[in-house]
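Numbering of ligands and ligand atoms starts at 1, following listing order.
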Amino acid sequence: MATDIITALKRSAATPDRPWLLNDTPATYADLLAATARLANTLHALGLTKGDRLLLQAEKCPEVLTLYLACLRAGIVFLPVNPAYTLAETQHFLTDAEPALAVADPDRSLAIAATGARSTALPDLLAAAAAQSPVFSDPAHGLDDLAAILYTSGTTGRSKGVMLSRDNLASNAQTLVTLWRFADTDVLLHALPVFHTHGLFVATNCALLSGSALIFQRSFSPDAVLAALPQATVMMGVPTFYTRLLSDPRLTPDACAHVRLFISGSAPLSPATHADWQVRTGHAILERYGMTETNMITSNPWSGARKAGTVGLPLPGVSVRVTGPDGTPLPPGEAGSIEVCGPNVFHGYWRLPEKTAAEFRDRWFVTGDLGAFDADGYLSILGRAKDLVITGGLNVYPAEVESALDDLPGVAASAVIGVPHPDFGEAVVACLVPAPGQTLDETGLRAGLRDRLAAFKIPKRLIFLNDLPRNAMGKVQKAALRTTYADMFQDR
Ligand code: AMP
């Protein structure tokens with residue numbers, strides 16, 4: 001059974017002066033434990049009890065993590081919300097999750113209170129906590145008790161609340177700590193958002209379970225990351241962190257000399273970026289794959305081949321299969337639907353039992369991603385099932401075309417979508433971003449693609465853009481691209 005995150009926190013706090021935050025205002029694990037107790041006592045004093053939801057909408061700061069842990073101690077379900085969401089967007093979470101308390105940055109807190117929901121400003125909550133006892137007597141918790149609800153980013157339809165239990169979080173973090181060899185000597189550079197599973201759970205829980213220290217940065221900035229790298233031993237990032245750092249001349253082997261591990265996830269890392277990073281720094285980025293509903297699913301290994309363009313092997317204790325349309329598992333080399341089961345898989349969508357049932361095949365969660373295993377058991381992601389392009393009755397996996405495009409000289413990034421077409425049903429369309437200082441030439445690109453791809457996979461149109469639309473985690477917003485270009489073949 002995995003060590004509960006609070007048990008691990010208490011163990012680290014028992015070592016005097018063990019560092020938790022290495023920021024301008026440093027803190028030890030003992031400081032953190034006391035701060036979580038003060039906040040947990042405050043939440044009880046406000047009348048919150050086990051199972052109540054607490055919504056938090058605040059800019060990234062260390063206190064977000066303190067409040068997450070206070071909720072975990074008190075058995076209150078933590079519900080973090082992207083601070084960029086408008087009040088109208090946040091209203092959906094207030095109505096759907098009915099939080100007993102919404103904590104937010106001061107202006108937003110006033111706006112939430114004006115809707116009739118109970119709200120307090122984060123600074124006020126922290127001020128009230130200062131007067132509380134630094135000791136909290138933790139109630140008993142069950143492994144299946146809810147720890148958090150994270151809403152999916154909801155690119156299609158309404159965003160759904162993903163219910164995650166204490167054991168979902170602890171078991172996955174324990175597996176990652178072992179696999180990635182986290183130890184209390186590690187210093188994790190944390191520049192990810194903390195309203196999403198990557199920054200909130202993968203990064204933070206690995207640090208908490210292993211007693212590592214964090215360098216906690218407000219947001220990603222190449223200046224701040226490059227300044228902190230000499231103190232860090234591990235960095236977790238989304239692919240855009242790596243591409244942006246690569247365009248900075250200060251990224252050298254010396255700048256990375258202290259780091260033992262660079263990890264990437266949340267969106268595809270192109271093989272070109274993987275190769276460039278290795279040449280520039282001497283490090284092979286370790287790519288892993290997961291989602292809000294499942295925590296982490298696969299990872300490239302710590303020792304052994306880190307294969308670019310793959311997301312590695314199923315995590316120990318996690319079962320992964322690739323199936324055909326009728327649910328039959330497919331052999332290596334064949335593309336199909338990725339399905340997962342294990343202690344990492346969530347307990348359902350909040351108040352949506354039918355939607356939950358529809359996304360499971362027996363005990364297997366259907367991720368909505370398409371992929372294929374290779375002969376060595378490494379998984380490659382071929383895109384979201386809803387992004388699969390069917391052109392003239394033939395399947396085109398966007399990831400395959402994107403990878404061919406990314407290999408061509410002068411291409412910095414690409415996104416392949418299907419656009420309605422009168423003859424083909426859908427046509428393959430590629431949006432391309434040139435590398436800095438480069439101009440892309442359509443004829444040259446097409447010639448390059450003809451060597452690599454069957455004719456039906458070659459995009460009917462190439463669209464050149466300065467940037468691709470991405471969300472906070474660096475994921476390309478394909479739905480937005482499909483909307484923009486929906487009519488491009490309609491007048492023909
Ligand atoms: P989220 O729930 O926001 O974490 O999004 C999960 C989705 O991100 C997955 O279902 C995948 O489509 C995508 N994803 C996560 N990690 C990777 C990766 N390493 N490569 C490609 N796609 C990824």
Side-chain angles (χ1 to χ4, degrees), residues 80-82 84-85 148-157 159-164 168-169 172 176 192-203 236-243 262-274 277 284-300 306-315 318 320 322 335 337-340 344-346 349 359 365-372 378-388 397-400 402-403 406 413-416 468 470-479:
V81 170
N82 185 343
Y85 282 160
I149 298 178
L150 258 57
Y151 276 81
T152 57
S153 37
T155 43
T156 49
S159 165
K160 305 182 286 291
V162 174
M163 298 192 286
L164 295 158
N168 285 154
L169 303 184
N172 204 240
L176 299 177
L192 292 157
V194 281
F195 54 81
H196 182 269
T197 184
H198 195 165
L200 181 60
F201 296 142
V202 186
M236 289 188 195
V238 294
T240 39
F241 285 17
Y242 293 102
T243 49
F262 288 100
I263 303 174
S264 177
S266 290
L269 181 78
S270 81
T273 304
H274 191 277
W277 190 269
I285 298 173
L286 181 154
E287 185 171 6
R288 95 304 178 271
Y289 157 63
M291 62 194 302
T292 305
E293 286 90 333
T294 60
N295 298 281
M296 296 306 100
I297 302 171
T298 68
S299 170
N300 272 280
R306 296 181 193 163
K307 291 197 199 180
T310 82
V311 292
L313 307 155
L315 296 179
V318 175
V320 184
V322 170
S337 153
I338 301 175
E339 303 181 356
V340 186
N344 53 315
V345 175
F346 74 134
Y349 294 111
E359 311 241 337
F365 175 63
V366 180
T367 61
D369 289 316
L370 299 172
Y378 284 63
L379 185 69
S380 291
I381 310 289
L382 297 166
R384 298 286 296 161
K386 64 179 182 336
D387 295 336
L388 178 73
Y397 295 95
E400 189 190 358
E402 286 157 5
S403 136
D406 293 346
S414 63
V416 167
L468 297 172
R470 293 181 190 269
N471 73 6
M473 300 310 293
K475 286 190 225 289
V476 176
Q477 303 295 73
K478 292 202 170 176

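Residue R288 places at least one N or O, backbone or side chain, under 3.5 Å from an N or O of ligand 1.
Nearest protein heavy-atom neighbour of atom 16 (N) of ligand 1: S266 N, 3.2 Å. Of all protein heavy atoms, the one closest to atom 10 (O) of ligand 1 is D369 OD2, 2.6 Å. For atom 6 (C) of ligand 1, the nearest protein heavy atom (residue, atom name, distance) is M291 CB, 3.3 Å. When only non-hydrogen protein atoms are considered, atom 15 (C) of ligand 1 lies nearest to G290 O, 3.3 Å. Of the protein's non-hydrogen atoms, P268 N, 3.5 Å is the one closest to atom 21 (C) of ligand 1. Scanning all protein heavy atoms for the shortest distance to atom 5 (O) of ligand 1 gives K475 NZ, 2.9 Å.
Under 4.0 Å from ligand 1, the heavy atoms of V311 that appear belong solely to its side chain. Contacts between M473 and ligand 1 below 4.0 angstrom, taking non-hydrogen atoms only, are absent altogether. When heavy-atom distances to ligand 1 are checked against a 4.0 Å cut-off, A267 comes that close only through its backbone atoms N, CA, C and O.
For E287, the heavy-atom gap to ligand 1 drops under 4.0 angstrom. In this structure, T367 has no heavy atom closer than 4.0 Å to ligand 1.
The residue from I297, V322, L313 that alone fulfils the side chain to side chain contact (heavy atoms under 4.5 Å, CB included) condition with L379 is V322.
With S159 contributing its side chain and T152 its backbone, the two residues share a donor-acceptor pair below 3.5 Å. Of the possible polar contacts, one joining the T298 side chain to the V311 backbone as a donor-acceptor pair under 3.5 Å is found. Checking side-chain atoms of N300 against main-chain N and O of E287 turns up a donor-acceptor pair under 3.5 Å. Put simply, the side chain of T367 gets close to the backbone of I338: a donor and an acceptor are under 3.5 Å apart. Judged by distance alone, the side chain of Y289 and the main-chain N or O of P314 form no donor-acceptor pair under 3.5 Å.
Using cut-offs of 30° and 60° for the angle between ring planes, the H198 and H196 rings count as tilted.
With ligand atoms numbered from 1 in the order given, ligand 1 contributes 1 (P), 2 (O), 3 (O), 4 (O) to contacts under 4.0 Å with heavy atoms of T292. Taking every heavy atom of H196 and a limit of under 4.0 angstrom, the matching atoms of ligand 1 come to 1 (P), 3 (O), 4 (O). Ligand 1 places these atoms under 4.0 Å from at least one heavy atom of R384: 10 (O), 12 (O).
Residues that satisfy the side chain to side chain donor-acceptor pair (under 3.5 Å) test with N344, not counting sequence neighbours, are absent from this structure. Residues forming a ring pair (Phe, Tyr, Trp, His ring centres under 6.0 Å) with F241 (at least two apart in sequence, or on another chain): F220.
Here CZ of F346 is found 6.5 Å from CD of E359. Values are rounded to the nearest 0.5 Å.
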